[in-house]
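Lettering follows sequence order; numbering is per chain, from 1.
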Amino acid sequence: MTVRTRFAPSPTGYLHIGGVRTALFNWLLAKQAGGQFILRIDDTDAQRNQEEALQPILDGFRWLGIDWDEGPEVGGPHEPYFQSARLEKYQDAAKVLLDKGLAYRDYATTAEMTAEREAAEKAKQEFVYSRTWMAETDQQAKAFEAEGRSFVVRLKMPREGKCEFEDKIVGDVSIQWGTEADHAIQRADGTCLYHLANVVDDADFGITHVVRGIEHLSNTPRQIFIAQGLGYELPIYAHIPYVAEPGSKKKLSKRKIAEYLNNKDFKRLYQSGAEIAERIGLEIDPATFNPVLVDFYEKTGFNPDAVVNYLLLLGWSLDDKTEEFSRESMLEHFSLERVVKSAASFDPQKLVAFQGRYMNDVPLKKKTPRCARFLEKASVIQTPIECDQVAMLKQIIEAAGDRIAMAGDILNFDDFWKEDETLEYNDKAWQKRMVKPENAGFLIGELKKVLAEAPEYTASDLETVIKDFCETQGIKIGDIIHALRVSVTGKAAGFGMFDTLAILGREKVVNRITLALQKLADEKTGSTAV
RNA sequence: GGCCCCUUCGUCUAGUGGUUAGGACACCGGCCUUUCACGCCGGUAACACGGGUUCGAGUCCCGUAGGGGUCACCA
């Protein structure tokens with residue numbers, strides 16, 4: 001049997017990370033068995049601009065490297081893959097169900113239905129439709145129509161016995177048929193609803209495994225009822241727990257971002273992303289710029305493999321220690337049996353930790369263009385980047401090491417590119433390292449002379465030069481290096497000092513020191529004058 | 001409220017009757033060090049509760065509590 005799985009998003013304009021995890025599990029299951037993963041668009045209800053709302057979803061999957069064998073843009077033997085274009089099939093199915101007496105025309109108005117439902121709720125009883133407006137014969141139908149009523153098609157659910165099925169994750173499920181409502185499968189306007197469309201398409205596409213969120217578990221009996229009524233073979237069901245909010249067990253929702261921002265880890269992730277977004281002139285729209293959505297990670301320079309690896313482990317594990325999975329190894333080891341039964345909270349810190357590890361393994365050659373993209377977008381450098389700039393960027397990236405966790409972090413090290421005159425000094429660092437130490441100005445002044453004449457601007461040569469200088473002056477390297485850092489970068493922290501100087505080069509180093517000394521002198525005379 | 005599901009360190013998890021309850025992220029301490037990181041070493045920290053069954057229970061059974069999902073002419 002060829003394994004065929006599917007993911008069926010509605011075109012909503014965004015890709016939720018919980019959805020990605022579900023899609024990933026489906027993808028893994030199909031691909032590891034040499035089967036197919038299908039993308040189907042559940043747009044039976046959509047009235048909005050679908051083209052536009054679908055694109056971010058497709059882009060998101062492409063970015064993550066989750067490819068589909070059949071579906072939008074790639075086609076396939078069961079076209080179309082849009083439910084909005086498959087209406088006839090559903091209508092035919094509804095007719096079969098009607099003919100078999102497994103569904104009926106229901107002439108109740110919305111108000112009448114609501115009234116019954118509310119009465120049941122008030123009586124604290126389970127709602128069971130009275131079927132007062134049920135029409136099973138044309139004669140009954142005519143009578144209702146004479147009253148000016150219109151109908152929807154409802155499933156005529158059994159009211160005795162149990163629906164039993166095996167779920168690969170939940171286990172054996174048994175639900176009383178009587179607790180199942182007569183769900184509508186076709187609207188008054190003739191269009192069809194999710195349950196019907198879903199079952200018809202799954203059968204039509206030859207889906208063998210239905211792997212979806214646990215919120216669909218309660219939908220399963222009625223879908224089984226439909227499938228059996230239509231004479232379909234049942235797929236294998238697997239309902240995976242939802243992804244929960246950081247620090248709680250509630251379902252993760254993109255709409256609750258304001259609330260999540262109260263969580264310090266979530267906030268930190270969001271802010272680091274927002275800083276990058278701001279620098280590159282991206283609109284920070286909560287509809288798309290949100291760590292709950294995949295877009296966020298693409299925009300801030302995450303590594304898609306890191307995101308996928310993290311998501312894989314959110315609800316699945318191989319053993320007690322393996323955490324790093326390449327696509328190959330996840331395809332080799334994934335199994336539904338090892339999916340965890342309880343909801344897993346989204347942990348921003350751990351995602352970032354995965355990202356850090358993955359970024360470290362990215363070779364310089366690949367890291368450079370990724371970082372360059374951000375510098376270009378932020379207009380720190382020109383587009384396209386010039387050749388000698390590439391060389392400098394490489395030096396910066398190499399020296400920065402794992403201080404660049406996501407590609408967008410390169411923007412933290414933009415002071416190399418700035419004009420010396422526009423360099424900004426961190427006030428606290430300036431005060432502490434330049435103003436406060438009595439002899440900082442003097443030492444930096446002396447060091448400038450040495451640096452101006454240093455034979456070569458490589459990190460190791462500069463280290464020798466500066467160490468010699470310290471010996472001559474009878475000071476420790478710590479006595480001078482902080483002031484030097486502030487002078488040439490304006491910041492209190494950064495990567496290796498000798499690397500920094502080497503990247504900057506003689507001209508900039510000397511020039512920046514001159515400017516810093518000037519600033520210091522200005523401030524001192526200024527303060528004595530007052 | 002009805003129906004259904006879940007419950008091991010703060011978080012993700014390992015664990016299928018006998019373990020000093022293991023790992024990872026985070027946190028704390030130390031080392032390294034020119035700062036910030038990295039790295040290395042070490043540490044704190046969990047079986048929701050109550051009954052059974054058993055020589056023995058995180059593991060099996062029952063109950064309680066807590067958390068959550070779902071109840072549309074949405075998907």
Report task. Compare the minimum distances between each of B/A14, B/C4, B/C73 and the side chain of A/T110, then state the nucleotide with the smallest one. Result -> B/C73

Query - Which nucleotide in B/G2, B/A75, B/A14 has an atom nearest any side-chain atom of A/Y194 - result: B/A75

Query raised in the report: Using a cut-off of 4.0 Å on non-hydrogen atoms, how would the nucleic acid contact of A/H216 be classed: base, sugar-phosphate, or nothing?
Result: base

Requested in this report: Please report, rounded to the nearest Å, how far the C1' atom of B/C73 is from the OH atom of A/Y107.
Outcome: 15 Å

Query raised in the report: What's the CZ-P distance between A/R212 and B/U70, to the nearest Å?
Result: 13 Å

Requested in this report: Describe the nucleic acid contact of A/F354 in one word from base, sugar-phosphate, nothing, applying a heavy-atom distance below 4.0 Å.
Outcome: nothing

Requested in this report: Pick base, sugar-phosphate or nothing for A/G247, based on heavy-atom distances below 4.0 Å to the nucleic acid.
Outcome: nothing

Report task. Could you check how far NE2 of A/H195 sits from C1' of B/A75, rounded to whole Å? Result -> 8 Å

**Report entry** Nucleotide forming a Watson-Crick or wobble pair with B/U59, both distances under 3.5 Å
**Finding:** none

Query raised in the report: What nucleic acid atoms does A/G401 come within less than 4.0 Å of, heavy atoms only: base, sugar-phosphate, or nothing?
Result: nothing

Query - Nucleotide nearest A/D42 when distance is taken to its side chain, options B/A75, B/C73, B/U13 - result: B/A75

Query - Pair partner, B/U64 [Watson-Crick or wobble, under 3.5 Å] - result: B/A48

**Report entry** Heavy-atom donor-acceptor pair, A/K321 side-chain to B/A14 base, under 3.5 Å
**Finding:** no

Query raised in the report: Taking the same atom, C1', in B/A57 and in B/G51, what whole-Å distance lies between them?
Result: 13 Å

Requested in this report: Using only side-chain N and O atoms of A/S317, determine if any of them is under 4.0 Å from OP1 or OP2 of B/A14.
Outcome: yes

Requested in this report: Looking only at side-chain atoms of A/A353, point me to the closest of B/C3, B/C25, B/U70.
Outcome: B/C25

Query - Distance below 4.0 Å between A/R357 side-chain N/O and B/A24 OP1 or OP2 - result: no

Query raised in the report: Just to confirm, is there a sub-4.0 Å distance from OP1 or OP2 of B/U34 to any side-chain nitrogen or oxygen of A/K467?
Result: no

Report task. Look at all strands and tell whether A/N219 reaches a base, only sugar-phosphate, or nothing, counting heavy atoms closer than 4.0 Å. Result -> base

**Report entry** Residue met sooner reading RNA chain B from 5', once A/R187 and A/S248 are mapped to nucleotides
**Finding:** A/S248

Report task. Classify the angle between the aromatic ring planes of A/H239 and A/Y237 as parallel (below 30°), tilted (30 to 60°) or perpendicular (above 60°). Result -> parallel

**Report entry** Candidate nucleotides B/A75, B/G2, B/C12, ranked by approach to the side chain of A/S345 - the nearest
**Finding:** B/C12

Report task. Would you mind calling B/C49 syn or anti? Take O4'-C1'-N9-C4 for purines or O4'-C1'-N1-C2 for pyrimidines, and syn is within 90° of 0. Result -> anti

**Report entry** Of the listed nucleotides B/G69, B/U34, B/C25, the one nearest the side chain of A/R485
**Finding:** B/U34

Requested in this report: Take A/T322 and A/S342, find for each the nucleotide of RNA chain B with the closest heavy atom, and name the residue whose nucleotide sits nearer the 5' end.
Outcome: A/S342

Query raised in the report: Are A/K350 and A/Y310 in a cation-pi contact, defined as NZ or CZ under 6.0 Å from the six-membered ring centre and within 45° of the axis?
Result: no

Query raised in the report: If pairing requires Watson-Crick or G-U wobble contacts with both distances under 3.5 Å, which nucleotide is the partner of B/C38?
Result: none

Requested in this report: Determine which nucleotide pairs with B/G2, using a 3.5 Å limit on both distances of a Watson-Crick or G-U wobble pair.
Outcome: B/U70

Query raised in the report: Which of the following nucleotides, B/A14, B/U35, B/A72, is nearest to the side chain of A/H482?
Result: B/U35

Report summary line: Among the nucleotides B/A75, B/A14, B/C38, whichever has the atom closest to the side chain of A/D402 is B/C38

Query raised in the report: Got a salt bridge between A/E245 and A/K250, using NZ or NE/NH1/NH2 to carboxylate O under 4.0 Å?
Result: no

**Report entry** Separation of B/U34 C1' from A/F498 CZ (nearest whole Å)
**Finding:** 6 Å

**Report entry** B/G30 versus B/G63 - spacing of their C1' atoms, nearest Å
**Finding:** 49 Å

**Report entry** Short side-chain N/O contact to B/C6 OP1/OP2 from A/K341, under 4.0 Å
**Finding:** yes

Query raised in the report: Salt bridge between A/D204 and A/K89, side-chain N to carboxylate O under 4.0 Å?
Result: yes

**Report entry** Lys/Arg cation over aromatic A/Y129: A/R131, 6.0 Å, 45° cone
**Finding:** no

Report task. Side chain of A/A493 only, please: which of B/C36, B/U13, B/G23 is the nearest? Result -> B/C36

Query raised in the report: Roughly how far apart, to the nearest Å, are B/C25 and B/C32 at atom P?
Result: 23 Å

Query raised in the report: Within less than 4.0 Å of OP1 or OP2 of B/C74, is there a side-chain N or O belonging to A/S10?
Result: no

Query raised in the report: In terms of the angle between their ring planes, are A/F205 and A/Y81 parallel, tilted or perpendicular, with boundaries placed at 30° and 60°?
Result: tilted

Query raised in the report: Just how far, in rounded Å, is P of B/U34 from CG of A/L462?
Result: 16 Å

Query - Sugar-phosphate only, base, or nothing, as touched by A/A188 at under 4.0 Å among non-hydrogen atoms - result: base

Query - Whole-angstrom distance between B/C9 and B/A24, as gauged at atom C1' - result: 12 Å

Requested in this report: Salt-bridge test for A/D427 and A/K432: reply yes if a basic N is under 4.0 Å from a carboxylate O, no otherwise.
Outcome: no

Query raised in the report: Think A/T191 has a side-chain N or O under 4.0 angstrom from the OP1 or OP2 of B/C73?
Result: no

Report summary line: Under a 3.5 Å limit on both distances, the Watson-Crick or wobble mate of B/C27 is B/G43

Report summary line: When rounded to whole Å, the CD1 to C1' distance for the pair A/I41 and B/A75 reads 12 Å

Requested in this report: Go ahead and name the base partner of B/U19; Watson-Crick or wobble counts if both distances stay under 3.5 Å, otherwise write none.
Outcome: none

Report task. Considering only atom C1', compute the distance from B/C27 to B/A46 and round it to an integer number of Å. Result -> 15 Å

**Report entry** Same-atom distance (C1') from B/U16 to B/G2, integer angstrom
**Finding:** 34 Å

Query raised in the report: Taking atom P in both B/C12 and B/G50, what distance in whole Å separates the two?
Result: 24 Å

Query raised in the report: Does A/K491 have a side-chain nitrogen or oxygen under 4.0 Å from the phosphate oxygens OP1 or OP2 of B/U34?
Result: no

Requested in this report: Using the side-chain hydrogen bond (donor to acceptor under 3.5 Å, both in side chains) rule, collect all pairs that involve residues 472-484 of chain A, keeping only residues at least two apart or in two chains.
Outcome: none

**Report entry** Pairwise P distance, B/C38 and B/G1 [rounded to whole Å]
**Finding:** 48 Å

Query raised in the report: Looking at B/C36, B/C74, B/C3, which one has an atom nearest to any side-chain atom of A/R403?
Result: B/C36

Requested in this report: Give me the ring orientation class for A/F346 and A/F266: parallel if the planes are under 30° apart, tilted from 30 to 60°, perpendicular past 60°.
Outcome: perpendicular

**Report entry** Short side-chain N/O contact from A/R117 to OP1 or OP2 of B/A72, under 4.0 Å
**Finding:** yes

Query raised in the report: A/E121 near the nucleic acid: base, sugar-phosphate alone, or nothing, with a heavy-atom cut-off under 4.0 Å?
Result: nothing

Query - A/R222 CZ to B/C3 P, straight-line distance once rounded to whole Å - result: 16 Å

Report task. Return the value, rounded to whole Å, for the distance between atom CG of A/D347 and atom P of B/A24. Result -> 15 Å

Query raised in the report: Do the rings of A/Y107 and A/F151 sit parallel, tilted or perpendicular, given the 30° and 60° boundaries?
Result: tilted

Query raised in the report: So what does A/V340 hit on the nucleic acid, given a heavy-atom distance under 4.0 Å: a base, only sugar-phosphate, or nothing?
Result: sugar-phosphate

